[in-house]
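A quick write-up on the structure given underneath.
Heavy-atom basis, side chains included; hydrogens, waters and symmetry copies ignored.
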Amino acid sequence: MKPRMIIPMLVCADAAKEIEFCKTAFGAVELSRHAAPDGRVVHATLSFFDSLFMVHDDWPGLGSRPAADGSSSVVNYLYCDDTDVTMAKAVAAGARVLMPAADQPWGDRIGRIIDQANHVWNVASRVA
């Protein structure tokens, strides 16, 4: 059986805050959310365009924590309509710029940010 898709899962110290960041910065749509009795997010599914991703609170034994310095082995690559507008929204929502947006030789405009949960995002749009 062949895999049908990859769905990234973001593990966060405050998943509810990450969900709001993704909605504000990127226009994500929250499809579902399941909370523990204490209110922490056990599982949430969001979408951007036609892509899905999951957001969870950090749970003991999970062992998936992003680094605060932006040195992540995983980078979320978000294609959007306008790199500069999307990065500005992300910064206004609490992200910081790791690499300012610039046109690349292969025809994309790309910038890199780190959100308040320390997840790294390449924000890109096609310009050529």
Side-chain angles (χ1 to χ4, degrees):
M1 183 170 140
K2 293 183 182 180
R4 294 182 55 199
M5 71 174 64
I6 294 174
I7 302 174
M9 181 176 71
L10 306 181
V11 178
C12 309
D14 187 341
K17 186 175 178 181
E18 181 73 358
I19 291 166
E20 291 310 309
F21 169 82
C22 290
K23 288 163 60 174
T24 300
F26 305 136
V29 175
E30 185 175 336
L31 302 176
S32 67
R33 185 188 302 205
H34 303 283
D38 65 2
R40 292 189 311 151
V41 177
V42 175
H43 171 85
T45 303
L46 287 82
S47 68
F48 297 133
F49 308 108
D50 60 352
S51 299
L52 298 175
F53 69 104
M54 299 174 192
V55 179
H56 296 241
D57 267 307
D58 187 10
W59 295 93
L62 196 56
S64 300
R65 294 172 188 88
D69 65 358
S71 61
S72 176
S73 62
V74 175
V75 175
N76 299 293
Y77 206 101
L78 175 70
Y79 266 98
C80 60
D81 294 327
D82 188 314
T83 299
D84 297 288
V85 169
T86 302
M87 285 186 65
K89 286 181 181 177
V91 169
R96 72 181 158 88
V97 175
L98 295 176
M99 181 182 80
D103 292 346
Q104 302 301 320
W106 57 87
D108 285 351
R109 182 165 180 77
I110 299 173
R112 183 174 282 197
I113 59 167
I114 185 168
D115 67 25
Q116 77 284 345
N118 298 321
H119 296 287
V120 178
W121 299 82
N122 271 9
V123 179
S125 56
R126 194 77 181 149
V127 293

| field | pair Gln116-Asp14: side-chain heavy atoms closer than 4.5 Å | value | no
| query | Does the side chain of Asp84 come within less than 4.5 Å of Arg109's, by heavy atoms? | reply | yes
| said: Quick one, Val29 and Ser47 - any side-chain contact, counting heavy atoms below 4.5 Å? | reply: yes
| request: Return the minimal non-hydrogen interatomic distance between Ala25 and Ala93, and the atom names on each side. | output: CB-CB, 4.2 Å
| request: Over all heavy atoms of both residues, which pair between Ala124 and Tyr77 is shortest? Give the atoms and the distance, please. | output: CB-CE2, 3.7 Å
| query | Side chains of Arg112 and Met87: does their closest heavy-atom pair fall under 4.5 Å? | reply | no
| Glu30 (side chain) donor-acceptor with Ala28 (main chain) under 3.5 angstrom | no
| field | Shared hydrophobic cluster for Phe48 and Val123 (ILVMFWY, side-chain gaps under 4.5 Å) | value | yes
| said: If hydrophobic clusters are built from ILVMFWY residues whose side chains come within less than 4.5 Å, do Phe21 and Phe53 share one? | reply: yes
| query | If every non-hydrogen atom of Ile113 is compared with every non-hydrogen atom of Ala90, which pair is closest and at what distance? | reply | CD1-CB, 3.5 Å
| Distance in Å, Ile110 CD1 paired with Tyr79 OH, rounded so as to fall on 0.5 Å steps | 6.0 Å
| Is it true that atom CD1 of Ile7 has more than 12 heavy atoms of other residues, nucleotides or ligands lying nearer than 6.0 Å? | yes
| Sole candidate of His56, His119, Arg40 that passes side chain to side chain contact (heavy atoms under 4.5 Å, CB included) when paired with Cys12 | His119
| task | Specify the closest pair of heavy atoms between Val41 and Ala16, including all atoms of both residues, with the distance to one decimal. | result | CG2-N, 3.9 Å
| message | For the backbone of Ala95 and the side chain of Asp115, can you confirm whether one donor and one acceptor N or O come within less than 3.5 Å of each other? | response | no
| query | Going by the angle between their ring planes, with limits at 30° and 60°, are Trp121 and Phe26 parallel, tilted or perpendicular? | reply | tilted
| message | Checking Glu20 against Lys17 for the salt bridge (Lys or Arg N to Asp or Glu O under 4.0 Å) test, could you report, in this order, the C-alpha distance in whole Å, the side-chain angles of both residues, the deciding distance, and whether it holds? | response | CA-CA 5 Å; Glu20 291 310 309; Lys17 186 175 178 181; over 6 Å; no
| field | Val55 and Leu46: CA distance, side-chain angles, deciding distance, side-chain contact (heavy atoms from CB on, under 4.5 Å) verdict | value | CA-CA 8 Å; Val55 179; Leu46 287 82; 3.8 Å; yes
| request: Would you kindly confirm whether Met5 and Met54 end up in one hydrophobic cluster when ILVMFWY residues are joined by side chain heavy atoms under 4.5 Å apart? | output: yes
| request: Group every Ile, Leu, Val, Met, Phe, Trp and Tyr by side-chain heavy-atom contacts under 4.5 Å, then state whether Ile6 and Leu31 land in the same group. | output: no
| task | Report the C-alpha distance between Thr83 and Val127 in whole Å, list the side-chain angles of each, state the deciding distance to 0.1 Å, and finish with yes or no for side-chain contact (heavy atoms from CB on, under 4.5 Å). | result | CA-CA 10 Å; Thr83 299; Val127 293; over 6 Å; no
| task | Kindly say whether Ala128 contributes a backbone atom to a donor-acceptor pair with the side chain of Arg126 at under 3.5 angstrom? | result | yes
| message | When you group the ILVMFWY residues by side-chain heavy-atom contacts below 4.5 Å and let the links chain together, are Val91 and Leu78 in the same group? | response | yes
| message | Quick check for you: to the nearest 0.5 Å, what is the distance between Asp103 atom CG and Ser125 atom OG? | response | 8.0 Å
| Short side-chain to backbone donor-acceptor contact, Asp58 and Ala13, under 3.5 Å | no
| query | Which one of Ile19, Asn118, Asn76 satisfies the side chain to side chain contact (heavy atoms under 4.5 Å, CB included) criterion with Leu10? | reply | Asn76
